[in-house]
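Reviewing the structure listed below.
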Amino acid sequence: MALKSGSDRRCPWLILPATLLIVLLAYGAHAEDIFLQWDVAVDTSIRPASVDQPVITINGKFPGPLINATTNDIVHVNVFNNMDEELLITWNGIQQRLNSWQDGVSGTNCPIQPFTNWTYVFQLKDQIGTFSYFPSINFLKAGGGFGPIQIHNRPIIQVPYLKPEAEFDLLIGDWYETSYKDLRSTLSSKQMAAYNSTPDKILMNGKGSYGDPLTKAYESFTVTSGKTYLIRISNVGSAWSLNFLIQNHRMVLVETEGSYTNEITLDSLDVHVGQSYSVLVTADQATSDYYMVATPKLLKITDMTKFGIGVLHYDSSTTAASGPLPIGPDPFDIELSINQANSIRWNLTTGAARPNPQGSFNVHNVTLSQTFILSASTAEIDGAPKFTVNNVSYLTPDTPLKLADHLVNGSGVYELDEFSTNSTNVKPERGVFVASGIHKGWIELVFHNDLEVMDSWHLDGFGFFVVGYGRGKWSAKSRSTYNVYDPVVRSTIQVYPRRWSAVYAYLDNTGMWNLRSQHLKNWYLGEELYVRVYDADPNPAKERPSPNNILLCGQPHCLLR
């Protein structure tokens with residue numbers, strides 16, 4: 001079938017001639033355009049787990065290509081969907097300032113239909129750091145389609161560490177030997193939904209483990225003795241929190257998801273699902289090869305072929321990695337993991353993506369406008385297994401929420417604030433969970449994990465301040481334990497089993513924003529909601545108008561013909 005452009009889904013494109021000019025003016029002077037064309041397809045020959053299975057590639061690559069940019073650049077990604085099902089790609093941690101139209105989730109975008117294309121256009125506004133992208137619908141992430149994003153400072157902004165010799169992207173994540181389509185189909189079964197969350201492998205940049213005889217290729221980074229390197233680490237998996245280390249080498253943490261951190265030296269680093277970090281590693285050991293190892297948290301695995309194992313290779317080395325495989329801390333030691341998380345603090349003196357220091361905008365004296373207390377749990381609804389937030393399992397409507405707002409003010413698609421954001425429904429139900437966020441108000445988000453396994457939560461559109469972790473149930477008294485002096489700012493936070501995590505966010509970014517579990521099964525089965533941050537002023541400086549290539553779908557898809 002020949003490729004054709006975007007919105008041939010029962011309606012023509014909605015053309016808004018003034019939009020392009022307004023958007024270009026809003027982008028500002030310090031921006032360059034980056035044009036990318038992506039062909040997304042399924043390849044059955046890659047075999048990252050040594051079994052025949054479909055793998056989602058971009059331009060024939062698994063993982064997908066790097067987006068390498070400078071803060072304030074404008075990225076144009078023309079996505080051709082060569083698969084046999086709908087596709088959306090989301091940009092994990094990219095804030096899409098005033099432009100949730102480009103967020104690439106079911107609440108903001110109609111999907112790209114099979115054998116059509118659509119172009120995302122978004123600005124990396126005032127952001128630096130390490131991020132990733134991945135498919136956001138249909139459980140596709142379990143089949144691949146993910147890749148790295150690097151955003152660099154403009155030359156005028158000083159970086160708070162010496163320039164490294166080189167940079168490496170390291171995407172680590174669990175992987176299933178089962179087809180993503182087969183995995184998806186099993187989730188309607190109560191038994192399988194409960195038990196199919198045990199992946200088979202850990203991959204490093206889409207490759208299997210060094211030393212595994214069934215591995216076609218393993219990841220290796222080549223370094224020169226005495227030089228220092230930046231490694232950008234992202235957990236792009238579906239279920240497992242991972243611990244990462246390099247044999248005989250220590251790591252200096254310098255950045256996480258767009259925030260420079262106070263430098264701390266670590267033997268190993270916990271990277272939870274959806275999180276990203278940058279670490280400096282100096283090649284200061286004897287010339288040899290050394291293991292790089294990723295292992296799961298909260299799991300006891302003795303089969304080392306399930307670990308992610310790569311190699312740090314000194315360029316003049318003739319000695320293979322040897323000795324006992326280095327293993328990190330006890331995977332069940334939650335307190336140790338929390339202590340590490342609490343040690344990750346914001347660098348209050350560096351400029352980040354802007355000339356002003358990060359610490360010029362902090363939370364020690366803010367007035368909270370809202371508190372959401374969100375409890376994640378499981379339920380059976382109409383005989384089917386679901387994950388819930390406050391006993392509500394998200395029901396995805398045919399019409400994206402943002403499109404419904406634009407065409408019919410949301411009428412008939414969702415009811416704003418229908419469900420409570422600080423108490424739990426007595427009876428579990430499915431529904432379109434959309435909550436009001438007060439524009440330019442401070443919100444406190446408290447995530448309860450009522451599950452026996454690790455969870456992680458992500459908020460699109462914002463970075464949030466990680467103010468605290470706690471045991472059991474949160475209460476207002478828990479605020480006395482918060483760190484409001486130098487909490488790190490990021491967009492994904494882990495929530496330990498039977499515990500809570502708390503963050504603050506400043507809702508200055510108008511739009512419709514996804515708030516979700518980063519664990520793929522939880523998300524797919526309903527652990528998400530949307531936060532609508534609204535300003536009635538139509539000024540495009542407050543929120544950008546709909547794109548001129550907008551896709552139309554769902555109930556009101558032909559209202560503007």
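Just so it is clear, the model here is predicted, and its values are computed rather than measured.
- Electrostatic pairing of K402 and D103 does not count as a salt bridge here, judged by no charged N lying under 4.0 Å from a carboxylate O.
- Using a 4.5 Å heavy-atom cutoff, the side chains of N262 and L348 are not in contact.
- Of all the heavy atoms in Q123 and N72, the pair that sits closest is NE2-O, 2.9 Å.
- For H272 and N235, the side-chain atoms include no donor-acceptor pair closer than 3.5 Å.
- At least one donor-acceptor pair under 3.5 Å links the side chain of N509 to the backbone N or O of L98.
- Taking the six-membered ring for Trp, Y210 and Y218 have ring centres closer than 6.0 Å.
- Side chains of P497 and L451 form no contact here, defined as non-hydrogen atoms less than 4.5 Å apart.
- Defined by atom type and a distance below 3.5 Å, a donor-acceptor pair is present between the side-chain atoms of Q494 and Q275.
- Ring geometry for Y314 versus H249: interplanar angle of 30 to 60°, hence tilted.
- Going from atom CG of D455 over to atom CG of N449 covers 5.0 Å, rounded to the nearest 0.5 Å.
- The only option from T70, D169, I67 that meets the side-chain contact (heavy atoms from CB on, under 4.5 Å) definition with Q150 turns out to be D169.
- Aromatic pair W91/F122: centroids less than 6.0 angstrom apart.
- Checked against the 6.0 Å centroid threshold, Y394 and W523 do not count as a close aromatic pair.
- Looking only at distances, no side-chain donor or acceptor of D267 sits under 3.5 Å from a matching main-chain atom of L245.
- Smallest separation of non-hydrogen atoms from M204 and M292: CE-O, 3.4 Å.
- Taking the six-membered ring where the residue is Trp, the centroids of W38 and Y120 are separated by 6.0 Å or more.
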* Asked: Can F464 and W457 be said to form a ring-ring contact (aromatic ring centres under 6.0 Å, His included), step by step?
  -> CA-CA 11 Å; F464 48 55; W457 275 85; over 10 Å; no
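- Here the shortest heavy-atom pairing between E543 and G511 reads OE2-CA, 3.6 Å.
- Residues D126 and R97 are not paired through a salt bridge, judged by the lack of any N-O separation under 4.0 Å between the basic side chain and the carboxylate.
- Using cut-offs of 30° and 60° for the angle between ring planes, the Y506 and W442 rings count as tilted.
- Taking 4.0 Å as the cut-off between side-chain N and carboxylate O, R345 and D486 count as a salt-bridged pair.
- Between E263 and R250 there is no salt bridge, since no side-chain N of the basic residue sits under 4.0 Å from a carboxylate O of the acidic one.
- Salt-bridge annotation for K473 and D450: present, with a side-chain N of the basic residue lying under 4.0 Å from a carboxylate O of the acidic one.
- Side-chain contact of H152 with N68: a donor-acceptor pair under 3.5 Å is present, judged by distance alone.
- Between R490 and V466 there is a side-chain heavy-atom pair separated by less than 4.5 Å.
- At a threshold of 4.5 Å between non-hydrogen side-chain atoms, the residues V252 and V279 do not count as touching.
- No donor-acceptor contact under 3.5 angstrom links the side chains of N483 and Y469, judged on distance only.
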* Apply the test side chain to side chain donor-acceptor pair (under 3.5 Å) to residues T492 and Q518: give CA-CA distance (whole Å), side-chain angles for both, the deciding distance (0.1 Å), then the verdict. => CA-CA 8 Å; T492 298; Q518 293 278 48; 3.1 Å; yes
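- Ring centroids of F62 and W175 are separated by less than 6.0 Å, placing the two rings close together.
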* To do: Go through the steps to decide whether S317 and D289 satisfy the test side chain to side chain donor-acceptor pair (under 3.5 Å), and finish with yes or no.
  => CA-CA 6 Å; S317 169; D289 288 0; 3.0 Å; yes
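- When only modelled atom types and interatomic distance are considered, S420 and S423 share a side-chain donor-acceptor pair under 3.5 Å.
- A cation-pi geometry, defined here as NZ or CZ lying under 6.0 Å from the six-membered ring centre and within 45° of its normal, holds between R532 and Y534.
- Contact check on E335 versus R471 returns a salt bridge, with a Lys/Arg side-chain nitrogen under 4.0 Å from an Asp/Glu carboxylate oxygen.
- For the 3.5 Å distance criterion, the side chains of T256 and T261 fail to qualify, holding no donor opposite an acceptor.
- Judged by distance alone, the side chains of H76 and N78 never bring a donor and an acceptor atom under 3.5 Å apart.
- Under the 3.5 Å distance criterion, the side-chain polar atoms of Q247 are matched with a main-chain donor or acceptor of Y291.
- Going from atom CD of Q95 over to atom CG of D508 covers 8.0 Å, rounded to the nearest 0.5 Å.
- With hydrogens and angles ignored, the 3.5 Å screen pairs a side-chain donor or acceptor of N390 with a backbone N or O of I373.
- Inter-residue side-chain proximity for N153 and T71 is flagged as unmet; no heavy-atom pair is nearer than 4.5 Å.
- Between Y229 and T224 the shortest heavy-atom distance is OH-N, 2.7 Å.
- The main-chain N or O of D33 is never found under 3.5 Å from a side-chain atom of D73 such that the two would form a donor-acceptor pair.
- With hydrogens and angles left out, the side-chain atoms of E219 and N205 include a donor and acceptor closer than 3.5 Å.
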* Asked: For S225 and T287, what are the C-alpha separation, side-chain angles and deciding distance, and is it a side chain to side chain donor-acceptor pair (under 3.5 Å)?
  -> CA-CA 7 Å; S225 183; T287 298; 4.8 Å; no
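- When side chains are defined from C-beta on, T421 does not count as touching V389, because their heavy atoms never get closer than 4.5 Å.
- Note: I334 CD1 to N339 CG = 12.0 Å, rounded to the nearest 0.5 Å.
- A donor-acceptor contact closer than 3.5 angstrom is absent between the side chains of T130 and E257.
- Side chain of Q340 to backbone of D270: a donor-acceptor contact under 3.5 angstrom is found.
- Under the 4.0 Å criterion applied to side-chain N and carboxylate O atoms, E528 and R516 are not assigned as salt-bridge partners.
- Between F465 and V503 there is no side-chain heavy-atom pair separated by less than 4.5 Å.
- With S278 contributing its side chain and E255 its backbone, the two residues share no donor-acceptor pair below 3.5 Å.
- Aromatic rings of F168 and F221 (six-membered ring for Trp) have centroids within the 6.0 Å cut-off, being under it.
- Only one option out of P296, P331, P329 pairs with N243 in a side-chain contact (heavy atoms from CB on, under 4.5 Å); it is P329.
- In this structure, a donor-acceptor pair under 3.5 Å is absent between the side chains of D315 and T222.
- Nearest heavy atoms, S276 versus F131: OG-CA, 4.1 Å.
- Taking the charged nitrogens against the carboxylate oxygens, K521 and E527 have no contact shorter than 4.0 Å, which rules out a salt bridge.
- Side-chain atoms of S546 and W101 form no donor-acceptor pair, as typed in the model, at a separation below 3.5 Å.
- When all heavy atoms of V273 and G237 are compared, the closest pair comes out as CG1-O, 3.4 Å.
- A donor-acceptor contact under 3.5 angstrom links the side chains of S337 and Y496, judged on distance only.
- I443 has its side chain within reach of F372: a pair of non-hydrogen atoms, C-beta onward, lies under 4.5 Å apart.
- Aromatic ring centres of Y485 and H364 lie farther apart than the 6.0 Å criterion allows.
- Side-chain atoms of T350 never come within 3.5 Å of backbone atoms of N347 as a donor-acceptor pair (strictly under, hydrogens ignored).
- Between the side chain of T282 and the backbone N or O of D284 there is no donor-acceptor pair closer than 3.5 Å.
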